[in-house]
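Computed over heavy atoms, backbone and side chain alike; hydrogens, waters and symmetry mates excluded. Treat the numbers as computed from the prediction; the structure is a model and nothing was measured.
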Amino acid sequence: MSRRLVRALDDGILTAYIHYVLVNPKYQGRGIASNLVKMIKNKYKDYLYIELMPDEKKNVSFYQKLGFNIVKEGTPMQLCNPETMKVKL
């Protein structure tokens, strides 16, 4: 099992979006996630925006420590299609 995983998507010029940063719980607290985010920030240093939306509010302070700001006018939105999760027998 992998100890860490980060995924970022970009539009090729303007905006990169950090989809997720995952660290195996056994290895959390060792700076691994911080290093992964720093690598993404470096890769996209010439982009106007690097965006993310933490799944849990408890992670907001972690990203703030790494230089991210809360978007005051933004509202997180999602479209969920539960039909895609149904198991077909």
Side-chain angles (χ1 to χ4, degrees):
M1 179 179 196
S2 178
R3 288 178 261 169
R4 73 248 184 266
L5 180 65
V6 64
R7 180 177 184 206
L9 306 171
D10 67 74
D11 63 8
I13 193 165
L14 183 67
T15 304
Y17 178 76
I18 299 175
H19 191 221
Y20 50 75
V21 178
L22 304 172
V23 176
N24 184 317
K26 293 180 187 177
Y27 299 95
Q28 290 178 358
R30 300 180 186 187
I32 296 170
S34 296
N35 285 329
L36 291 171
V37 173
K38 287 175 186 175
M39 289 170 50
I40 293 296
K41 286 175 61 178
N42 186 54
K43 177 177 175 65
Y44 293 111
K45 67 181 181 255
D46 295 328
Y47 279 55
L48 184 58
Y49 299 107
I50 302 174
E51 298 182 348
L52 60 88
M53 187 173 68
D55 286 341
E56 299 179 29
K57 289 190 185 265
K58 69 179 183 178
N59 294 330
V60 170
S61 63
F62 167 76
Y63 290 108
Q64 286 176 315
K65 289 176 189 173
L66 294 170
F68 289 85
N69 299 305
I70 295 172
V71 178
K72 300 293 181 193
E73 293 86 27
T75 300
M77 298 178 78
Q78 179 183 59
L79 176 64
C80 180
N81 186 1
E83 294 299 317
T84 63
M85 299 305 294
K86 289 186 177 178
V87 177
K88 297 179 182 180
L89 299 175

Taking every non-hydrogen atom, the tightest pair across [X] and [Y]:
X: Tyr63; Y: Pro54; value: CD1-CG, 3.8 Å
X: Lys58; Y: Glu56; value: CE-OE1, 2.6 Å
X: Val6; Y: Ile40; value: CG2-CG1, 3.9 Å
X: Leu52; Y: Ile18; value: CB-O, 3.7 Å
X: Phe62; Y: Ser34; value: CE1-OG, 3.4 Å
X: Ile50; Y: Phe68; value: O-CE2, 3.5 Å

Heavy atoms from other residues, nucleotides or ligands near OH of Tyr49 exceed 12 (cutoff 6.0 Å):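 Atom OH in Tyr49 is not packed in, count stays at 12 or less.
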Return yes when atom CG of Asn42 has more than 12 non-hydrogen atoms of other residues, nucleotides or ligands closer than 6.0 Å, and no otherwise.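 Yes, CG of Asn42 has more than 12 neighbouring heavy atoms, counting only those of other groups under 6.0 Å.
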If I take atom [atom1] from residue [X] and atom [atom2] from residue [Y], how far apart are they, to the nearest 0.5 angstrom?
X: Gln28; Y: Leu22; atom1: CD; atom2: CG; value: 9.5 Å
X: Met53; Y: Gln78; atom1: CE; atom2: CD; value: 6.5 Å
X: Leu14; Y: Tyr47; atom1: CG; atom2: OH; value: 9.0 Å

In this structure, would [X] and [Y] fall into the same cluster of hydrophobic residues linked by side-chain contacts under 4.5 Å?
X: Tyr44; Y: Leu66; value: yes
X: Val37; Y: Val71; value: no
X: Val21; Y: Tyr27; value: yes

Would you say that Asp11 contacts Ile13 through its side chain, given a criterion of any heavy-atom pair below 4.5 Å between the two side chains?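 The answer is yes; the side chains approach within 4.5 Å.
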Just to verify, what does Lys45 make a salt bridge (Lys or Arg N to Asp or Glu O under 4.0 Å) with, not counting sequence neighbours?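 Counting only residues at least two positions away or on another chain, Lys45 forms no salt bridge (Lys or Arg N to Asp or Glu O under 4.0 Å).
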Any donor and acceptor pair, going by atom type alone, linking the side chain of Lys43 with main-chain N or O of Ala8 inside 3.5 Å?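 Not confirmed, Lys43 side chain does not pair with Ala8 backbone.
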